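What follows is a short report on a single structure.
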Number of protein chains: 2
Amino acid sequence: MARRVPLYQAKAEFFRMLGHPVRIRVLELLQDGPMPVRDLLAAIEVESSNLSQQLAVLRRSGIVTATRDGPTVVYALAGGDVAELMRAARRILTEMAAGQAGLLAELREAEASAS
Amino acid sequence: MARRVPLYQAKAEFFRMLGHPVRIRVLELLQDGPMPVRDLLAAIEVESSNLSQQLAVLRRSGIVTATRDGPTVVYALAGGDVAELMRAARRILTEMAAGQAGLLAELREAEASAS
DNA sequence: TCGCCAGTTGTGAAATTTTTCAACTCTTGT
DNA sequence: ACAAGAGTTGAAAAATTTCACAACTGGCGA
């Protein structure tokens with residue numbers, strides 16, 4: 001039977017699932033509607049197999065679905081609005097950036113290492 | 001001047017920062033108002049130094065602030081409305097859990113205490 | 001000043017995640 | 001049936017994160 005996972009842990013896993021640039025971009029692209037892997041690949045610069053790996057993470061978490069249409073695979077958001085989540089995140093992000101030099105420093109630093 | 005970090009990367013870092021059970025619990029506790037480390041430690045079962053490390057992650061990201069009051073350190077949400085983000089996450093989580101009976105039950109149960 | 005209490009920080013090992021490359025599955029056109 | 005195109009998967013290396021322990025800082029009362 002299913003083991004009982006504390007809610008705070010489910011939340012943490014959910015956020016961790018979101019915590020990757022490629023996965024974020026996929027989710028944002030899918031907000032405009034379902035999209036074949038080929039188009040995702042064109043929009044996001046990443047190796048095809050790497051994209052597949054990230055798509056697998058999203059699939060496993062259940063936030064997206066994949067359906068095969070002939071030779072191409074089409075991804076779509078599984079359910080509700082990820083959009084609202086993204087908006088909330090952006091609000092907090094801009095708030096933090098506006099109010100605090102700390103984040104700005106952090107962001108600059110992160111940029112330097114990620115080039 | 002600093003070149004800007006792509007938004008999707010800032011978002012990914014933000015979500016990654018949220019992706020840890022202890023950090024989630026801290027943020028949820030702080031939604032009821034500022035709280036000294038001592039109380040966080042009492043509420044969350046974790047080694048003191050481990051909690052400190054997670055608090056440091058939150059601090060660095062800028063989502064919480066720490067102020068010293070005599071011998072105790074008090075943490076508070078830096079700004080905004082983390083609550084809304086958590087609500088959005090919970091909505092999606094609930095929706096996704098629709099296919100997984102065990103998790104669904106747990107989410108419904110927790111609904112009452114709104115954590 | 002000394003000792004203690006509340007937290008934090010450094011360090012290194014353990015665990016997890018990300019990336020890459022090759023091999024593999026499916027489907028379709030010839 | 002075969003080859004090619006579209007994606008996925010397995011596996012190992014590389015990078016990151018987490019955790020526990022010890023050492024450390026700052027404030028306060030004796």
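On a predicted model such as this, the values are computed, not experimentally measured, just so you know. Proteins get letters first, then strands, A, B, ... in listed order; numbering begins at 1 in each.
Here T72(A) lies in heavy-atom contact (under 4.0 Å) with sugar-phosphate atoms only. Base engagement by S49(B) is indicated by at least one non-hydrogen atom pair under 4.0 Å involving a base atom.
A straight line from CE of M35(A) to P of dA6(D) spans 17 Å, rounded to a whole angstrom. Distance, Q9(A) CD to dT16(C) P: 11 Å, rounded to whole Å. Counting to the nearest Å, the C1' atom of dT18(D) and the CD atom of E13(A) are 15 Å from each other. dG10(D) atom C1' lies 16 Å from atom CD of E47(A), rounded to whole Å. Rounded to an integer number of Å, the gap from CD1 of I44(A) to C1' of dT19(C) is 16 Å. The CG atom of N50(B) sits 16 Å away from the P atom of dG10(C) (whole-angstrom rounding). Atom pair R60(B):CZ and dT18(D):P shows a separation of 10 Å (rounding to whole Å applied).
When atom types are taken as modelled, the side chain of R23(B) and the backbone of V57(B) share no donor-acceptor pair closer than 3.5 angstrom. When atom types are taken as modelled, the side chain of R25(A) and the backbone of A43(A) share a donor-acceptor pair closer than 3.5 angstrom.
Residues R16(A) and G19(B) share a closest heavy-atom pair of NE-O, 3.1 Å. Considering every non-hydrogen atom in both P36(B) and T72(B), the closest pair reads CB-OG1, 4.3 Å. Closest heavy-atom contact between A12(B) and P21(A): CB-N, 3.4 Å. When all heavy atoms of R91(A) and E84(B) are compared, the closest pair comes out as NH2-OE2, 2.6 Å. Of all heavy-atom pairs between A89(A) and F15(B), the closest is CB-CZ, 3.6 Å.
Between dA6(D) and Y75(A), no contact under 4.0 Å exists linking OP1 or OP2 to a side-chain N or O. Distances shown here put every side-chain N or O of H20(B) at or beyond 4.0 Å from the OP1 or OP2 atom of dT17(C). Taking 4.0 angstrom as the limit, R59(B) places a side-chain polar atom (N or O) nearer than this to OP1 or OP2 of dT9(C).
A single hydrophobic cluster is not seen to contain both V74(B) and I63(B); linkage of ILVMFWY side chains at heavy-atom distances under 4.5 Å, directly or through other members, places them apart. Side-chain heavy atoms closer than 4.5 Å link hydrophobic residues (I, L, V, M, F, W, Y) into clusters, and following such links, possibly through other members, connects V37(A) to L29(A). Tracing side-chain contacts under 4.5 Å through hydrophobic residues (I, L, V, M, F, W, Y), one reaches V82(A) starting from M35(A); they form part of the same cluster.
Shown for residues 36-43 of chain B: no residue has heavy atoms falling under 4.0 angstrom of DNA chain D. Using a 4.0 Å cut-off on heavy atoms, the residues of residues 51-58 of chain B that approach DNA chain D are Q53(B), Q54(B), listed by number.
Distance check, rounded to the nearest 0.5 Å: CD1 of I44(A) to OH of Y8(B) gives 9.0 Å.
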Worksheet item: What is the per-nucleotide protein-contact pattern of nucleotides 24-30 of chain C, from the 5' end, where B denotes a base atom under 4.0 Å from a protein heavy atom, S denotes such proximity for sugar-phosphate atoms only, and - denotes neither?
Response: --BSS--
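A residue-by-residue look at A66(A) and R16(A) shows that A66(A) has its nearest nucleotide of DNA chain D further toward the 5' end.
With V22(A) as the fixed residue, the side chain to side chain contact (heavy atoms under 4.5 Å, CB included) test singles out one of L51(A), N50(A), L40(A), L27(A): L51(A).
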